Amino acid sequence: MSYRLFFLMLLIGLPLTPGWAAPVQQEFSDWQVTCNNQNFCTARNVGQHHGLVMTLSRSAGAHNDSSLRIELGGPENLLPKIPAISTRLQLDGVPLTLPGVHWQLTPWLLTTSDTPSITTFLQHIQEGQALTLNGGKQVISLVGLKAALLFIDDRQKRVGSETAWIGKGDEPPLSVPPAPALKAVKKVNPTPTPFTREEFNDLLDYGTLRMSNSQCSLDPLRREVWVTPLTDDKALLMVSCESGAYNTIYRAWLVSRAKPFSAQSIRLRLPFQAPDSEEREIELVNLSFNDKTRELITLDKGRGQGDCGVQTRWRYDGQRFRLVRYAGQPTCDNWKGPDGWPTLWITR
């Protein structure tokens, strides 16, 4: 078989592999790992930590950027009244000394981005059971940490290389694949012409009519209509439709700004399969639009506090809304809000 024919068959037989890593989020006992479409991975302890959390992050590739932070926070801890944590840390009841000198210490936050310090620290604690604070109930369970680190090694294809945390070998750092190219979603018409008073009132009336004709369970007296300029020739129309204890479902349309008005229903479809979901199309939950970033935002809360759930951000590219950020926190443990949740998808 000739080289040219072989090459053609190879091309035909190539799998349709996307130019990004498939996002993943997984728990290992008391540890949660999230890796996004850049193969940037974060891991932290979850559950009954009472506000003491250790977070690891590591980017893909040979450059080996990583960080580690141990932080005290959350609603349980009144920080001004709590002593500093660096001298109170214990590993299985024994006082813990941080290795190396490359740590930044503040009363309730310890951080380092020094790779040797992180590696030494992880080697020291990975066989333990828990980090605790002397005189406090706060705890960082270490059950599942080693499995989480090995998962990140495998995910970033570090197993067998010098840069691996658990599956260390002799392969050089350059043997580790780089991060996929970061995709971009262009901004279209970032400063659209504002509505005239007449245009705004006409579109609001059109939205009210749409709302009246929509099959929504929300009491008509509680339904609300929002309309905002999206581009010079299109408006964004949003209508609240169904409501629960802490989540409201919306319907939304792209509407022409010139009469006679025509509307196109907005559907948001993920470019990947989200964890624990068989559908790629998501509901418009707690929908909002940020005029500064020009992004459509959904926030599906797991409970009223807003410490768990899924937040997505979408940008209009002239044809449809495309995903620019997906962040998710499945465990409700009173830690961070939506802006602090780990990302499964990012763009520029």
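Quantities reported herein were computed from a predicted structural model and do not represent experimental measurements.
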In terms of side-chain heavy atoms, does Thr111 have a donor or acceptor partner in Gln104 at a distance below 3.5 Å? yes

Heavy-atom distance under 4.5 Å between the side chains of Asp202 and Phe261, does that happen here? yes

Side-chain (Arg325) to main-chain (Thr343) donor-acceptor, under 3.5 angstrom: no

Arg44 side, atom CZ; Leu145 side, atom CG - distance, nearest 0.5 Å: 14.0 Å

In sequence, state the C-alpha distance, the side-chain angles, and the governing distance for Lys137 and Glu76, and then conclude on salt bridge (Lys or Arg N to Asp or Glu O under 4.0 Å). CA-CA 11 Å; Lys137 62 180 181 179; Glu76 293 185 49; 3.7 Å; yes

Validation row: Asp233, Thr231 side chains within 4.5 angstrom (heavy atoms): yes

Kindly work out whether a path of hydrophobic side-chain contacts (I/L/V/M/F/W/Y, heavy atoms less than 4.5 Å apart) joins Val310 to Phe272. yes

Looking at CG of Asp170 and NZ of Lys168, how far apart are the two atoms once the value is rounded to the nearest 0.5 Å? 10.5 Å

Under a 4.5 Å side-chain heavy-atom rule over Ile, Leu, Val, Met, Phe, Trp and Tyr, are Leu344 and Ile282 clustered together? yes

Taking Pro275's backbone N and O only, do any of them form a donor-acceptor pair with Gln25's side chain (distance below 3.5 Å, no angle check)? no

Pick out which of Leu56, Thr55, Thr112 makes a side chain to side chain contact (heavy atoms under 4.5 Å, CB included) with Arg69. Thr55

Do Lys234 and Leu236 touch side chain to side chain, with heavy atoms closer than 4.5 Å? no

Should Leu182 and Leu323 be counted in the same cluster of Ile, Leu, Val, Met, Phe, Trp and Tyr side chains packed under 4.5 Å apart? no

Taking atom CZ as the centre, does Arg280 end up with more than 12 heavy-atom neighbours from other residues, nucleotides or ligands that are less than 6.0 angstrom away? yes

So Leu237 and Leu203, do their side chains get closer than 4.5 Å, heavy atoms only? no

Go through it in stages, so that I can follow the logic: the residues are Val239 and Trp253, the test is side-chain contact (heavy atoms from CB on, under 4.5 Å), and I'd like the CA-CA distance, side-chain angles, deciding distance and then a yes or no. CA-CA 9 Å; Val239 175; Trp253 295 268; 3.7 Å; yes

Test item: Ser175 side-chain N/O and Pro172 main-chain N/O as donor-acceptor pair under 3.5 Å: yes

When every non-hydrogen atom of Ala235 is compared with those of Val227, the smallest separation belongs to CB-CG2, 4.2 Å

Take Asp232 and Thr193, measure what side-chain hydrogen bond (donor to acceptor under 3.5 Å, both in side chains) needs, and give me the verdict at the end. CA-CA 6 Å; Asp232 287 340; Thr193 305; 3.0 Å; yes

Would Trp31 and Val53 show up in the same hydrophobic cluster when neighbours are defined by side-chain heavy atoms closer than 4.5 Å? no

Tightest non-hydrogen contact, residues Ser117 and Gly100, listed as OG-CA, 4.2 Å

Given side chains that start at C-beta, do those of Leu270 and Trp345 come closer than 4.5 Å, heavy atoms only? no

Apply the side chain to side chain donor-acceptor pair (under 3.5 Å) test between Asp333 and each candidate in Gln48, His50, His49; give the one that qualifies. His49

Given 3.5 Å as the limit, does a donor-acceptor pair link the side chain of Arg251 with the main chain of Arg210, or not? no

Check whether any side-chain heavy atom of Leu296 sits under 4.5 Å from a side-chain heavy atom of Met238, and report yes or no. yes

Would you find a donor on one side and an acceptor on the other, under 3.5 Å apart, between the side chain of Tyr246 and the backbone of Gly302? yes

Using a 4.5 Å cut-off on heavy atoms from C-beta on, say whether the side chain of Gln126 contacts that of Ile166. yes

Looking only at side chains, do Thr228 and Trp226 share a donor and an acceptor under 3.5 Å apart? no

Near Glu281 CD, under 6.0 Å, is it more than 12 heavy atoms from other residues, nucleotides or ligands? yes

Verdict with supporting geometry, Val255 and Arg257, side-chain contact (heavy atoms from CB on, under 4.5 Å): CA-CA 6 Å; Val255 182; Arg257 291 179 61 170; over 6 Å; no

Using 0.5 Å steps for rounding, measure from the CH2 atom of Trp108 to the OG atom of Ser86. 12.0 Å

Please determine whether side-chain contact (heavy atoms from CB on, under 4.5 Å) holds for the pair Gln156 and Trp165, giving the CA-CA distance in whole Å, both sets of side-chain angles, and the decisive distance to 0.1 Å. CA-CA 11 Å; Gln156 297 182 340; Trp165 276 332; over 6 Å; no

Give a yes or no on whether a salt bridge exists between Glu295 and Arg315, defined as a side-chain N under 4.0 angstrom from a carboxylate O. yes

Heavy-atom donor-acceptor pair, Asp92 side chain to Ala130 backbone, under 3.5 Å: yes

Would you sort out whether Phe289 and Arg294 count as a side-chain contact (heavy atoms from CB on, under 4.5 Å), showing the intermediate values? CA-CA 7 Å; Phe289 184 75; Arg294 312 299 299 167; 3.6 Å; yes

Between OG1 of Thr34 and CD of Gln26, what distance do you get to the nearest 0.5 Å? 10.0 Å

With salt bridge (Lys or Arg N to Asp or Glu O under 4.0 Å) as the criterion, how do Asp153 and Arg58 come out once you've worked through the C-alpha distance, each side chain's angles and the decisive distance to 0.1 Å? CA-CA 10 Å; Asp153 280 347; Arg58 195 175 207 184; 3.7 Å; yes

Please report the closest heavy-atom contact between Ser67 and Ser113, naming both atoms and the distance. CB-OG, 3.8 Å

Looking only at side chains, do Gln138 and Asn77 share a donor and an acceptor under 3.5 Å apart? yes

So, for Pro338 and Gly306, which heavy atoms are closest and what is the spacing to 0.1 Å? CD-O, 3.6 Å

Check for a donor-acceptor pair, side chain of Gln273 on one end and backbone N or O of Glu278 on the other, with a separation under 3.5 Å. yes

Distance in Å, Ile266 CD1 paired with Leu287 CG, rounded so as to fall on 0.5 Å steps: 7.5 Å

N/O donor-acceptor pair under 3.5 Å between Asp317 side chain and Val188 backbone: no

Applying salt bridge (Lys or Arg N to Asp or Glu O under 4.0 Å) to Lys157 and Asp154, what does each step give before you reach the verdict? CA-CA 5 Å; Lys157 300 192 183 327; Asp154 181 68; over 6 Å; no

Donor-acceptor contact below 3.5 Å, side chain Asn247 vs main chain Lys301: yes

Which atom of Ser240 lies closest to which atom of Leu218, heavy atoms considered: OG-CD2, 3.7 Å

Grouping I, L, V, M, F, W and Y whenever their side-chain heavy atoms are under 4.5 Å apart, do Leu72 and Trp103 come out in a common cluster? yes

Is it the case that the side chain of Asn286 and the backbone of Thr248 share a donor-acceptor pair, with hydrogens and angles ignored and the cut-off at 3.5 Å? yes

Would a 4.5 Å heavy-atom cut-off, applied to side chains only, mark Thr293 and Val324 as touching? no

As an exercise, state the distance from CD of Gln32 to CG of Asn45, rounded to the nearest 0.5 Å. 10.0 Å

